[in-house]
Amino acid sequence: MKTSQLDLRELLAFKPRGGTMSFLGQRTYLTDMVSHGILRKELLSTVDSNVTRTIITRSGFIRGWLLAEQIKRKMPEVWSEARQGKLGPMVCSMFGFGEVLTSHRTDGLSGAPLVETYFIGSYEAEQQLRLSGQSQDVVCWEQVGFASGYVSHVQQRTVYFIESECQAKGDCHCHLIGNYAEKWTEKDTLSLHYYNGINIENIKTEVQEILKIEEYFPRNVHSNIDLDTPNDYVQSGYPIINSYPMKKLIEMAINVAKVPTSIFVTGESGVGKEKLVDFIHRLSDRNNKPLLAINCGALTESLLDSELFGHVKGAFTGAEK
């Protein structure tokens, strides 16, 4: 899959009647922006604005870094195009941060910013205007953190974004500028101190200790097989998966294998239904019992009924047990 082929309808998985949801295989949930804005307002009234802004900016950085790691592990073809600069604005829009108008990327070494983005419809600016009125300062704190974490992972160098214009202040758009950490001048220190030192060197430690990242990203980089999958079975040649739909299928198989219930697998002839069933059986609590495959089409209805459900002695000629 290429960046241009990304479709939110395929990346977002959910049950029509509710329950769990996931984005790129990562558990997520719906929240409305009014509640988000109220939470932010409560934080501002409880602790000072500097602490609130620092918390939101740093959490945004971690969130952006985690998303980049997710894409890198689960969609390597898309990740290979990340440095071209089109993927970042697309995922920001998919996350609902706002609508990107333009995004320009350079090498970041010739004096021009590494990334310069203009966007409208920022949810942070919208909630500021709705709940508190026009601001004297920029308010897209989570978005600058998110962009910083994401681009830092892409570049494998610490990148910090600052916001120079914001719709919450009355500007016609929001303007984000990203640069390598060492490229910022002293006059920008005021905006950068909200990152509180988070960078590409310590982010892994931060995330491992606080969010236990190893639980989210399997060690097997060739597939989405869970950490509990028997290594000898993975190495036996099945499953070999590269496409996102197949990865989702295998994740589902891993989940249902732990549940003592009937499973109905459908598909055209030759697509590997029996292989998938065998995979589920090996991951189930009944893997120490035999798996019996019956070709229903080769048996008569009465004989199939007997094979599946058994019979009592004397039910028909020759019926012994």
Side-chain angles (χ1 to χ4, degrees), residues 40 43-44 48-68 82-83 85 87-89 91-93 95-129 132 134-203 206:
R40 176 172 171 146
L43 279 172
L44 286 169
D48 65 59
S49 60
N50 286 331
V51 173
T52 300
R53 184 169 176 177
T54 298
I55 292 172
I56 293 175
T57 302
R58 285 175 59 88
S59 64
F61 190 103
I62 293 173
R63 189 181 181 192
W65 190 92
L66 281 172
L67 175 64
R83 282 180 176 254
L87 179 59
V91 294
C92 278
S93 295
F95 262 66
F97 279 112
E99 179 184 350
V100 177
L101 299 176
T102 63
S103 184
H104 182 65
R105 178 181 286 256
T106 70
D107 60 7
L109 304 175
S110 56
L114 175 67
V115 182
E116 190 168 11
T117 300
Y118 292 88
F119 67 99
I120 58 174
S122 160
Y123 81 85
E124 292 178 281
E126 174 189 305
Q127 292 309 309
Q128 168 67 32
L129 293 171
S132 303
Q134 188 166 309
S135 172
Q136 298 299 313
D137 200 357
V138 298
V139 302
C140 300
W141 305 336
E142 183 178 8
Q143 182 151 354
V144 296
F146 182 92
S148 300
Y150 173 84
V151 177
S152 292
H153 200 314
V154 171
Q155 298 297 128
Q156 285 301 296
R157 287 175 62 181
T158 302
V159 175
Y160 292 140
F161 277 73
I162 64 171
E163 186 179 17
S164 62
E165 299 173 84
C166 184
Q167 287 185 298
K169 292 172 52 185
D171 298 319
C172 61
H173 49 236
C174 297
H175 182 202
L176 265 59
I177 302 171
N179 243 332
Y180 292 120
E182 66 274 13
K183 294 293 182 180
W184 288 111
T185 61
E186 290 186 8
K187 68 177 183 179
D188 303 305
T189 303
L190 183 62
S191 297
L192 299 182
H193 88 271
Y194 296 111
Y195 290 97
N196 197 27
I198 194 168
N199 56 51
I200 198 65
E201 285 76 31
N202 61 33
I203 179 65
E206 290 262 350

Engineer: If we ignore hydrogens and angles and just use 3.5 Å, is the side chain of Ser148 paired with the main-chain N or O of Phe161 as donor and acceptor?
Structural biologist: yes

Engineer: For residues 138-145, run the donor-acceptor check on the side chains, cut-off 3.5 Å, and write out each pair with its distance to 0.1 Å, sequence neighbours left out.
Structural biologist:
from: Trp141; atom 1: NE1; to: Val138; atom 2: O; distance (Å): 3.0
from: Glu142; atom 1: OE1; to: Tyr123; atom 2: OH; distance (Å): 2.1
from: Glu142; atom 1: OE2; to: Arg63; atom 2: NH1; distance (Å): 2.8

Engineer: Find the distance between NE2 (His173) and OG (Ser122) and round it off to the nearest 0.5 Å.
Structural biologist: 13.0 Å

Engineer: So does Leu192 get a backbone contact from the side chain of Trp184, meaning a donor-acceptor N/O pair under 3.5 Å?
Structural biologist: no

Engineer: Looking at Ser93 and Glu99, would you say the former's side chain and the latter's main chain have a donor-acceptor pair under 3.5 Å?
Structural biologist: no

Engineer: How close do Ser164 and Lys169 get, heavy atom to heavy atom, and via which atoms?
Structural biologist: O-NZ, 4.2 Å

Engineer: Can you tell me how far apart CG (Leu114) and NZ (Lys183) are? Round to the nearest 0.5 Å.
Structural biologist: 10.5 Å

Engineer: Tell me the closest heavy-atom pair linking Tyr194 and Asn50, and the distance in Å.
Structural biologist: OH-OD1, 3.2 Å

Engineer: Can you tell me how far apart OG1 (Thr57) and CG (Asn196) are? Round to the nearest 0.5 Å.
Structural biologist: 10.0 Å

Engineer: Where is the tightest heavy-atom contact between Gln134 and Leu129, given as atom of each residue plus distance?
Structural biologist: CA-CD2, 3.8 Å

Engineer: Are any of the side-chain heavy atoms of Asn199 and Phe61 separated by less than 4.5 Å?
Structural biologist: no

Engineer: Starting at OG of Ser49, measure out to CZ of Arg40 and round the result to the nearest 0.5 Å.
Structural biologist: 10.5 Å

Engineer: Yes or no on side chain to side chain contact (heavy atoms under 4.5 Å, CB included) for Arg53 and Asp137, after CA distance, side-chain angles and deciding distance?
Structural biologist: CA-CA 12 Å; Arg53 184 169 176 177; Asp137 200 357; 3.4 Å; yes

Engineer: Sub-3.5 Å donor-acceptor pair from the side chain of Ser152 to the main-chain atoms of Val159, do we have one?
Structural biologist: yes

Engineer: For a quick test of reading the model, state the closest non-hydrogen atom pair linking Ile177 to Pro113 and the distance between them.
Structural biologist: CG2-CB, 3.5 Å

Engineer: For Gln167 and Gly121, indicate whether the former's side chain and the latter's backbone hold a donor-acceptor pair under 3.5 Å.
Structural biologist: yes

Engineer: Nearest 0.5 angstrom please: Leu67 CG to Leu87 CG, how far?
Structural biologist: 8.0 Å

Engineer: In Å and rounded to the nearest 0.5 Å, what is the CD to OG distance from Glu163 to Ser191?
Structural biologist: 9.5 Å

Engineer: Can you check whether Gly197's main-chain N or O pairs, donor with acceptor, with Asn202's side chain at less than 3.5 Å?
Structural biologist: yes

Engineer: Against Glu116, only a single residue in Arg105, His175, His104 fulfils side chain to side chain donor-acceptor pair (under 3.5 Å); can you say which?
Structural biologist: His175

Engineer: With heavy-atom distances below 4.5 Å as the criterion, would you say the side chains of Phe119 and Pro89 are in contact?
Structural biologist: no

Engineer: Compute the centroid of each ring, for Phe97 and then for Phe146, and state whether the two points are separated by less than 6.0 Å.
Structural biologist: yes

Engineer: Less than 4.5 Å apart, side chain to side chain, heavy atoms only: is that true for Glu124 and Ile56?
Structural biologist: yes

Engineer: Output all residues satisfying side chain to side chain donor-acceptor pair (under 3.5 Å) with Gln156, sequence neighbours left out; order by chain, then residue number.
Structural biologist: His153

Engineer: Is Thr158 close to Ile203 at the side-chain level, that is, under 4.5 Å between some pair of heavy atoms?
Structural biologist: no

